[in-house]
Amino acid sequence: MKYVIRDCSDCIGLGDISFPMCRHCIKPTKDLELIVYKNKIFTKQHYLKDDSYVIYPFFVDCLIKPVRGKVLKSYNIKDANVKIVQEEENLEPTYAISIPHLEPNMDQLLALYKEYESNELKNPLLIRWIKQHGILDYLMSDPKIQEININPPEFQSPFRIVHEDFDECRTNLYPSIDFLNYLATYLKINSGRPLNKAQPQLDAELTIENQRARVAAVVQPFSIHGIGYSIRRHREKPWTYPLFIANRTINPLFAGLMSFMITQGRTFLVAGPRGSGKTSLLGASVLEILPKYRIITIEDTQELPVNFYKEYGYDILSFKVRSALSPEGLEIPFEKGLKTCLRLGNSCLIIGEVRSKEARVLYEAMRVGAMANTVAGTIHADNPYGVFDRVVNDLGVPKGSFKVTDLIIIVKQIKSPTGLYHVRRVTRVVEVLKEWQDEPQFRELMVYDKKQDSLVPTKALLEGQSITIQNIMETSTEYDSFEKVWKDITLRAWAKERFVETLSIFKEKLEGPYTIKANKWFAELFESIKPLQSEEAENKFKEEFERRLQLLLK
């Protein structure tokens with residue numbers, strides 16, 4: 001957008017602000033699209049192409065551009081209206097927000113400015129836009145928004161978002177320099193970390209009305225054109241296996257297999273590129289751990305919904321450690337934090353991301369059996385060999401220690417031929433074999449079939465060749481044959497499938513509270529009825545589980 005900003009403090013009077021004033025201040029050129037007139041009371045955007053204009057009060061921290069096109073969807077957030085609009089000139093949809101209360105008359109504007117000058121803010125408008133977070137209050141309250149990207153320089157690049165239903169979207173919002181500077185100051189004060197020429201990058205957390213987000217900020221000289229932000233909004237409720245089944249990220253058999261592996265205390269890493277959904281899948285896997293077990297989480301930025309787990313009865317201890325990008329001295333180092341966790345007794349250990357040298361401590365602990373239950377985490381890699389390369393060659397974990405990883409779950413974005421749309425899918429479930437010296441060996445248990453758009457079991461899994469399952473059988477009296485193991489896995493898969501089929505008409509009932517309840521029922525019925533012992537017991541188990549699912553419909 002080619003624009004110019006004019007200071008109109010001398011030439012704009014207090015008359016009718018709807019009149020297109022100040023055209024004498026600058027002679028428009030052919031390539032100019034927008035003139036922004038500013039004075040202490042309001043900002044006026046004059047769009048030269050169609051000779052239209054928009055006027056906003058002095059406290060608004062961004063430009064809001066009018067949008068025309070086909071409306072794909074419309075809904076409300078707070079007191080604003082959101083339209084997803086397909087404009088002719090853009091490939092991606094536009095997230096267009098309209099805020100009615102930003103249209104006060106002159107008398108109202110003057111009253112608001114008088115209150116602002118008094119420094120005694122009581123009007124909700126001034127509190128939201130000056131004392132709170134302005135436009136971010138709206139964007140962060142929209143549960144459909146997953147990510148917000150704000151690029152410099154001011155007024156030239158619109159906010160861009162990742163929308164749950166429409167993927168990448170531009171918006172009709174353009175940040176002002178005041179907004180860019182304000183957010184930088186807020187993050188520095190609240191994180192206690194620097195953001196300047198010497199430290200031009202900052203990872204921090206942003207909380208607005210109990211909605212958390214992870215923010216990456218960059219400034220000059222690292223960012224050539226000025227301050228930029230990437231805001232990744234956290235889901236306050238964890239994703240669940242039923243939710244992932246409903247949107248086809250996984251299928252019931254994967255859910256059954258992972259439920260079995262987690263119950264048996266296996267170790268696994270969820271791998272994939274940025275934005276593939278690794279942490280979401282890890283968070284869903286935590287719900288497969290019964291609340292009777294103690295869980296320790298360790299993260300440099302809290303992304304797992306720990307408060308939710310605590311609310312629903314999980315014995316969970318959460319640690320926050322220093323980011324690998326943060327200077328020393330501000331927070332406890334990851335390695336020291338991990339060593340502390342390992343002294344806290346028998347627990348499940350969930351690591352937000354394995355990313356630095358502390359991985360050696362983790363793997364040594366797993367190798368000697370310091371963690372007797374499930375150990376899981378995420379890592380940036382897009383295939384099993386990439387995980388090995390990252391863990392061994394980059395992070396310095398001995399090859400022998402890497403073998404204690406039981407499973408590697410690969411999750412990716414599957415894109416359309418044009419790249420305009422994508423879906424998230426788990427594409428591989430791979431186990432790490434144990435009998436190798438230098439080059440790692442893996443065995444695929446499930447692989448993604450593009451034609452079916454689903455994971456399918458491999459011959460190795462179906463025939464009981466999995467070394468992980470064989471190890472489980474060696475340490476359990478219940479599983480005297482692979483047939484019983486497979487019956488357990490498929491029974492768990494059946495339970496997940498029936499849960500989704502029964503409750504999918506009420507999407508909110510696929511969320512965590514109901515998933516936790518169903519998992520408890522499964523465990524209780526499994527112990528009391530013992531469905532693996534006979535076909536009669538299995539049928540009785542299914543009948544009772546179905547009956548209890550019906551209770552969730554009421």
Side-chain angles (χ1 to χ4, degrees), residues 216 230 232 244 249-250 254 257-258 261 266-285 298-301 303 323-325 334-335 338 349-364 366-367 374-415 419 422-450 455-458 460-461 466-468:
S230 179
R232 297 186 67 182
F244 278 132
T249 298
I250 63 175
F254 170 88
L257 177 63
M258 289 304 299
M261 293 293 185
R266 299 298 98 178
T267 65
F268 65 94
L269 292 175
V270 182
R274 181 184 181 277
S276 57
K278 301 184 298 297
T279 303
S280 297
L281 186 60
L282 180 66
S285 299
I298 183 167
E299 302 176 90
D300 57 8
T301 300
E303 296 186 67
S323 168
L325 297 174
F334 203 122
E335 183 175 354
L338 183 55
L349 181 62
I350 307 298
I351 299 177
E353 186 171 338
V354 179
R355 69 168 97 223
S356 192
K357 300 295 183 181
E358 73 282 343
R360 288 177 293 184
V361 179
L362 170 65
Y363 271 90
E364 184 61 21
M366 291 193 294
R367 191 175 69 84
T374 293
V375 177
T378 66
I379 191 166
H380 282 283
D382 60 4
N383 60 67
Y385 290 95
V387 174
F388 173 81
D389 185 54
R390 177 92 174 105
V391 170
V392 173
N393 296 328
D394 294 347
L395 306 183
V397 172
K399 294 178 181 178
S401 296
F402 177 75
K403 295 178 183 180
V404 301
T405 307
D406 290 314
L407 299 175
I408 296 173
I409 316 301
I410 306 296
V411 56
K412 292 184 177 181
Q413 293 183 5
I414 306 298
K415 295 186 177 182
H422 68 264
V423 292
R424 292 177 175 87
R425 297 287 186 266
V426 171
T427 58
R428 298 170 78 181
V429 180
V430 177
E431 66 176 351
V432 180
L433 300 181
K434 315 305 179 184
E435 302 298 328
W436 52 270
Q437 298 300 321
D438 295 320
E439 292 298 319
Q441 295 180 15
F442 305 98
R443 176 177 287 129
E444 291 185 326
L445 302 183
M446 299 188 76
V447 294
Y448 177 71
D449 185 301
K450 292 182 180 179
L455 283 165
V456 296
T458 63
L461 177 59
S466 166
I467 189 67
T468 308

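In this chain, numbering begins with 1 at the start of the sequence shown. None of these values were measured; they are calculated from a predicted model.
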Exercise. Would a 4.5 Å heavy-atom cut-off, applied to side chains only, mark F388 and E439 as touching?
Worked result: no

Seminar exercise, completed: Correct closest heavy-atom pair for R424 and Q413 would be NH2-NE2, 3.9 Å

Exercise. Are V430 and V387 side-chain neighbours, meaning at least one heavy-atom pair lies under 4.5 Å?
Worked result: no

Exercise. Do K434 side-chain atoms and K403 backbone N/O form a donor-acceptor pair below 3.5 Å?
Worked result: yes

Problem set entry | D382 side chain near I410 side chain, heavy-atom distance below 4.5 Å | no

Problem set entry | Qualifying residues under ring pair (Phe, Tyr, Trp, His ring centres under 6.0 Å), relative to Y448, sequence neighbours excluded | none

Problem set entry | Backbone N/O of I467 and side chain of E431: donor-acceptor pair under 3.5 Å | yes

Problem set entry | Q441 side-chain N/O to W436 backbone N/O, donor-acceptor pair under 3.5 Å | no

Problem set entry | T458 versus E444, side-chain donor and acceptor atoms under 3.5 Å | no

For this session: Check step by step if side chain to side chain contact (heavy atoms under 4.5 Å, CB included) holds for F244 and V426.
Result: CA-CA 10 Å; F244 278 132; V426 171; over 6 Å; no

Problem set entry | Pairwise side-chain contact, I408 with F268, heavy-atom cut-off 4.5 Å (strictly under) | no

Exercise. So, for R232 and R274, which heavy atoms are closest and what is the spacing to 0.1 Å?
Worked result: CD-NH2, 3.5 Å

Problem set entry | Side-chain donor or acceptor of D406 paired with backbone N/O of T267 under 3.5 Å | yes

Return a table of donor-acceptor pairs under 3.5 angstrom between the side chains of residues 275-283 and protein atoms on other chains or two or more places apart.
unit_1: S276; atom_1: OG; unit_2: P273; atom_2: O; d: 2.7
unit_1: K278; atom_1: NZ; unit_2: G272; atom_2: O; d: 3.4
unit_1: K278; atom_1: NZ; unit_2: P273; atom_2: O; d: 3.1

